[in-house]
Amino acid sequence: VGQKLWCVPISYYGITPREVTIVKVGRLYLSVSDRGKEALRISVGMLEGDHVRCYLSEADYQIQNRAERAWIYLLRALGRRPRAVTLEQIETAAGLLGITLPVDL
């Protein structure tokens with residue numbers, strides 16, 4: 001109780017990114033206060049509520065958001081496999097990303 005979280009809209013519902021304060025902790029949900037009134041109920045495990053996702057800080061949100069945007073950019077840039085990319089390079093990239101490729105490729 002008293003810890004600050006940074007909450008951002010999952011999709012636009014008139015909610016602006018803002019700092020909230022945890023006012024109550026339950027087994028499944030946190031209640032958070034926005035400007036002195038209890039405004040949101042957030043899932044303890046996922047830090048998500050109706051239309052919002054919360055992060056431990058604004059800086060944490062910025063890091064996660066940048067990683068998400070970079071991943072989307074990477075997926076779009078990859079498209080098809082360039083001819084110069086070898087199986088060994090693909091296996092190395094998969095390993096760096098924590099992806100286990102099937103043995104029988």
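Numbers for residues simply follow the sequence, beginning at 1.
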For the atom pair OG (Ser31) and CD1 (Ile22), what is the distance rounded to the nearest 0.5 Å? 10.0 Å
Distance check, rounded to the nearest 0.5 Å: Lys24 atom NZ versus Tyr29 atom OH? 13.5 Å
Quick one: hydrophobic cluster around Met46, which other residues, with the 4.5 Å side-chain cut-off, linked directly or via members? none
Scan [range] for pairs that pass disulfide bond (SG atoms under 2.5 Å apart), counting only residues two or more places apart or in two chains.
range: residues 41-81; answer: Cys7-Cys54
range: residues 73-105; answer: none
range: residues 67-105; answer: none
range: residues 66-105; answer: none

Qualifying residues under side-chain contact (heavy atoms from CB on, under 4.5 Å), relative to [X], sequence neighbours excluded:
X: Thr100; value: none
X: Ala94; value: Ile99, Leu101
X: Thr21; value: Lys4
X: Gln62; value: Glu58

Is any side-chain heavy atom of [Y] closer than 4.5 Å to one of [X]?
X: Asp60; Y: Trp6; answer: no
X: Val20; Y: Ile42; answer: no
X: Leu5; Y: Leu56; answer: yes

Identify, with sequence neighbours excluded, every residue that meets side-chain hydrogen bond (donor to acceptor under 3.5 Å, both in side chains) alongside Glu91. none
Which heavy atom of Val52 sits nearest a heavy atom of Ile10, and at what distance? O-CD1, 3.4 Å
State yes or no: do Leu30 and Leu28 share one hydrophobic cluster built from I, L, V, M, F, W and Y residues joined by side-chain heavy-atom distances below 4.5 Å, directly or via other members? no
Table please: side-chain donor-acceptor pairs of residues 69-81 below 3.5 Å, with sequence neighbours left out.
unit_1: Arg81; atom_1: NH1; unit_2: Val85; atom_2: O; d: 2.8

